[in-house]
Amino acid sequence: MPPKGKAAPKPKGSDTTKTSSSLTAAAQPASSTAPNNTTPPATINERSQRRVDECQPYEAARQKAGLRGLSQAEQFGWVSARFARSDAAARSRLGPKSQRELWRYVNDASLPVRVLKKKLVSNPWGVDRNGRDIGSYSPAQFDDRAAKRINLTVLAAASQAFRDCRERTKKIALDDQQNPDVATDSEVQEERERRREMAKLRKELYGDKMPGKLAQDPEWDDVLPIPHEEPEGSLAAISYPDDYAEAISYLRAVMENKEYSPRCLRLTEYIIGMNSSHYTVWLFRASIVIALKLPFVDELAWLNKVALEHLKNYQIWHHRHLLVENYYPSIAGSPEAVASFAAQEQAFLSDILEQDTKNYHVWSYRSYLVGKLGLWDNAAELAAIEAMIKDDVRNNSAWSHRFYLVFSNPAHSTAGTAATEPDPAAPAAIVDREVQYAQDKIHLAPQNQSPWNYLHGVLVKGGRKLGSVEPFVADFVRHLGDDDKEDVISTHALDLLAEIYAEKGDKEKADLALRRLGEKWDRIRIGYWEWRRKCLESPAAAGGTEAGVAAAVAA
């Protein structure tokens, strides 16, 4: 047998380990082209680029100097890295020994066998809700955004699970003909908070418009809102606030379905809080209160707070009117209950009139209340009006209400008689009392028109001549027609004196009174006084009452 051949000795000073070490050391890119890995990356794009460069340690040098410009060790490293990342078919072209040396070198040099490919786009991470390149985020900002996205995903999954569970429970309850109580209050509240957090995260991450209060509330999931649509080509489209537009869209839906429920009542309160003058929502609220037979006291207590916040709102008082109409039949048979309710209303009306003593809507409601509750002879009502006149003798609203309270009393008035017509049913004692009351207040402020008008109205209502108060009126007009001595304390007295003279047939004195009003004492209304003078001659010559007034104003 031939002797076995001796194995070839390993070359000294050129073993694979030594070659690998030398190649590894020699194959590092120049410091001028290598990234500064000692400083933390400032942005995500910078961090990504560093990772790409770390996966291809010789690529930066090759791109700068070309393959021929690399040293032999760098060329060997670059080729080895390429072969290591290639598929098995490409590596099979090397012999077994060469492959073993390749992998030994790859391991010793820690060459990456996988590489990150840089995307050929300007902003591979996309942009945020403000259009900012996410790649420009710092690593801390990027991690915070990632955490929010994860949190949003978890919340969305939990919310969907809530919906699925509720639907299954509802289906089971309906199949068993049971009351579908599909979720507890705590579960609904938890879902409500979850949706608020989801809406907040969506807005922070993607700039999505946050859904309104109702869309976030699982209680309204079964309602399909009906949004408002402006006509095509409308010239003045109304830009409603988002929350208000959403609430109205839900209101349309529940009104169309004629749903009267506690949640609809809360919806009306929500809308009224944004727009207290929305007439339709007030009518719908009244329908809900009546349909559900809700406690009148509770609704009135809520309404009082709203009324104090919106003093000039007519809808509030119309709503109160509807409530009283619905409530009154339940207490009509009990004088004590009526008296108690009247006292409560009088106290509230006094409170609100302290803030606005001439609020027309409040006075209108007060007149309605007097008739509805029969407060004609109510001493507290009359005392309250007297107190307001004492506090402000010029409060014409209080004077008007007193006239209504005294002379519209069914006990001593004729039904169908107008306020400016004589009423034979008016007691003489009451007429005397009111004449004296007006005269007393005139002395406090002679130039205040309210008590003069009241005095005139009382005399007409009582069927008395205006001349019955001539001595009183004459005290406020002295030396009429004498330029040197003429003194008029009240122009309203001079006006009434002209009517008294005309009533007596003394047209000359009546004309003098009206002429002096236009010439000296009330020149701003000279056209009106001239028209009144023409009326003394012939009403027809003045063009009738309405036409004459118009002509006087124009003059």
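Everything numeric here is computed off the predicted structure, so don't read it as measured data.
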Q | Side-chain heavy atoms of Val406 within contact of Trp376, under 4.5 Å | A | no
**Q.** Pairwise side-chain contact, Glu187 with Phe162, heavy-atom cut-off 4.5 Å (strictly under)
**A.** yes
Q) Side chains of Tyr260 and Ile290: does their closest heavy-atom pair fall under 4.5 Å? A) no
Q: Could you walk me through whether Ile226 and Leu251 pass side chain to side chain contact (heavy atoms under 4.5 Å, CB included), step by step?
A: CA-CA 8 Å; Ile226 303 175; Leu251 178 69; over 6 Å; no
Q) Mind checking what makes side chain to side chain donor-acceptor pair (under 3.5 Å) contact with Thr280, not counting sequence neighbours? A) none
(Q) Please enumerate all residues that pass side chain to side chain donor-acceptor pair (under 3.5 Å) together with Glu269, with sequence neighbours excluded. (A) Trp302
**Q.** From CA spacing to verdict: side chain to side chain contact (heavy atoms under 4.5 Å, CB included), Leu214, Val223
**A.** CA-CA 10 Å; Leu214 302 178; Val223 176; over 6 Å; no
Q) Any side-chain donor paired with an acceptor under 3.5 Å for Arg132 and Ser136? A) yes
For residues 382-393, which side-chain N or O atoms pair as donor and acceptor with protein atoms under 3.5 Å away, sequence neighbours left out?
unit_1, atom_1, unit_2, atom_2, d
Glu386, OE2, Arg402, NH1, 3.2
Asp392, OD1, Arg394, N, 3.1

Q.
Suppose we screen for side chain to side chain donor-acceptor pair (under 3.5 Å). Which residues come up paired with Tyr137, at least two apart in sequence or across chains?
A. Asp128
(Q) Using side chain to side chain contact (heavy atoms under 4.5 Å, CB included), reason through Thr43 and Ser138 one step at a time and then give a plain yes or no. (A) CA-CA 4 Å; Thr43 66; Ser138 68; over 6 Å; no
Q. Taking C-beta and beyond as the side chain, do Pro225 and Arg252 meet within less than 4.5 Å on heavy atoms?
A. no
(Q) List the residues meeting ring pair (Phe, Tyr, Trp, His ring centres under 6.0 Å) with Tyr454, not counting sequence neighbours, and say none if there are none. (A) Trp399, Phe403
Q: For this output row, return yes or no: ring centroids of Phe296 and Phe341 closer than 6.0 angstrom.
A: yes
Q | Distance, nearest 0.5 Å, that separates OH of Tyr244 from CD1 of Ile271 | A | 7.0 Å
(Q) What I'd like to find out is whether the side chain of Ile248 reaches to under 4.5 Å of the side chain of His278, using heavy atoms alone. (A) yes
Q: Answer yes when Glu299 and Arg285 have at least one side-chain N-carboxylate O distance shorter than 4.0 Å, and no when they do not.
A: yes
Please report, to 0.1 Å, the donor-acceptor pairs under 3.5 Å made by any side chain of residues 148-158, with sequence neighbours excluded.
unit_1, atom_1, unit_2, atom_2, d
Lys148, NZ, Glu204, OE1, 3.0
Thr153, OG1, Arg149, O, 2.9

Q: Working to the nearest 0.5 Å, report the span between CG of Leu349 and CG of Leu369.
A: 6.5 Å
Q | With sequence neighbours excluded, residues passing salt bridge (Lys or Arg N to Asp or Glu O under 4.0 Å) with Arg194 | A | Glu190, Glu191
Q) Salt bridge between Glu309 and Lys305, side-chain N to carboxylate O under 4.0 Å? A) no
Q: List in chain and number order the residues that pass side chain to side chain contact (heavy atoms under 4.5 Å, CB included) with His321, two or more places apart in sequence or in another chain; answer none if no residue qualifies.
A: Glu325, Tyr368
Q: Determine the minimum heavy-atom distance between Ala307 and Ile352, stating which atoms define it.
A: O-CD1, 3.8 Å
Q.
Taking the side chain as everything from C-beta on, heavy atoms only, tell me whether His412 gets closer than 4.5 Å to Phe407.
A. no
Q: Ignoring hydrogens and angles, tell me if any N or O in the side chain of Asn257 forms a donor-acceptor pair with the backbone of Glu259 under 3.5 Å.
A: no
Q: Can you measure from SG (Cys264) to CD1 (Ile288) and round to the nearest 0.5 angstrom?
A: 5.0 Å
Q.
To the nearest 0.5 Å, what is the distance between CG on Asn326 and NZ on Lys293?
A. 10.0 Å
(Q) Could you go through Lys461 and Glu421, starting from their C-alpha distance and side-chain angles, then the distance that decides it, and tell me whether this counts as salt bridge (charged side-chain N to carboxylate O under 4.0 Å, His left out)? (A) CA-CA 6 Å; Lys461 181 60 68 175; Glu421 295 178 352; over 6 Å; no
Q.
Quick check on the 6.0 Å ring-centre criterion: do Tyr314 and Trp282 meet it?
A. no
Q | Heavy-atom closest contact (His310 atom, Ser276 atom, distance) | A | ND1-OG, 3.4 Å
Q) Are any of the side-chain heavy atoms of Gln141 and Arg145 separated by less than 4.5 Å? A) no
Q: For Ser340 and Ala337, indicate whether the former's side chain and the latter's backbone hold a donor-acceptor pair under 3.5 Å.
A: no
Q: List the atom of Pro139, the atom of Ala42, and the distance in Å for their closest heavy-atom pair.
A: CD-O, 3.7 Å
(Q) Do Gln315 and Leu283 make a side-chain contact, defined as non-hydrogen atoms from C-beta onward lying under 4.5 Å apart? (A) no
Q) Taking atom types as modelled and ignoring hydrogens, do the side chains of Ser450 and Asn396 form a donor-acceptor contact shorter than 3.5 angstrom? A) no
Q | Heavy-atom closest contact (Val338 atom, Ile331 atom, distance) | A | CG2-O, 3.3 Å
Q. Taking atom types as modelled, is there a side-chain donor on Asp423 or Thr414 under 3.5 Å from an acceptor on the other?
A. yes
Q.
Test side chain to side chain contact (heavy atoms under 4.5 Å, CB included) on Val370 and His401; report intermediate values, then the result.
A. CA-CA 10 Å; Val370 167; His401 187 75; 3.9 Å; yes
Q: Identify the two heavy atoms, one from Asn313 and one from Trp317, that lie closest to each other, and give their separation to 0.1 Å.
A: O-CD1, 3.2 Å
Q | side chain to side chain donor-acceptor pair (under 3.5 Å) partners for Trp452, two or more places apart | A | Ser490
With a cut-off of 3.5 Å and sequence neighbours excluded, list every side-chain donor-acceptor pair involving residues 357-364.
unit_1, atom_1, unit_2, atom_2, d
Asn359, OD1, His361, N, 3.1
Asn359, OD1, Val362, N, 3.4
Asn359, ND2, Leu311, O, 2.5
Trp363, NE1, Thr357, O, 2.8

(Q) Measuring from atom CD of Gln216 to atom NZ of Lys200, what distance do you get when rounded to the nearest 0.5 angstrom? (A) 12.0 Å
**Q.** Donor-acceptor under 3.5 Å (Thr268 side chain, Leu265 main chain)
**A.** yes
Q: Just jot down the side chain to side chain contact (heavy atoms under 4.5 Å, CB included) partners of Arg525, sequence neighbours excluded, or say none.
A: Asp522, Tyr528, Trp529
Q: Determine the minimum heavy-atom distance between Leu375 and Ala342, stating which atoms define it.
A: CD2-CB, 3.8 Å
Q | Passing candidate, salt bridge (charged side-chain N to carboxylate O under 4.0 Å, His left out) with Arg263, options Asp217, Asp222, Asp221 | A | Asp222
Q. Should the pair Glu381-Arg366 be classified as a salt bridge under the 4.0 Å nitrogen-to-oxygen rule?
A. yes
Q. Residues in salt bridge (Lys or Arg N to Asp or Glu O under 4.0 Å) with Asp356, at least two apart?
A. Lys312
**Q.** Exam field: side chain Ser408 to backbone Leu405, donor-acceptor pair closer than 3.5 Å
**A.** no
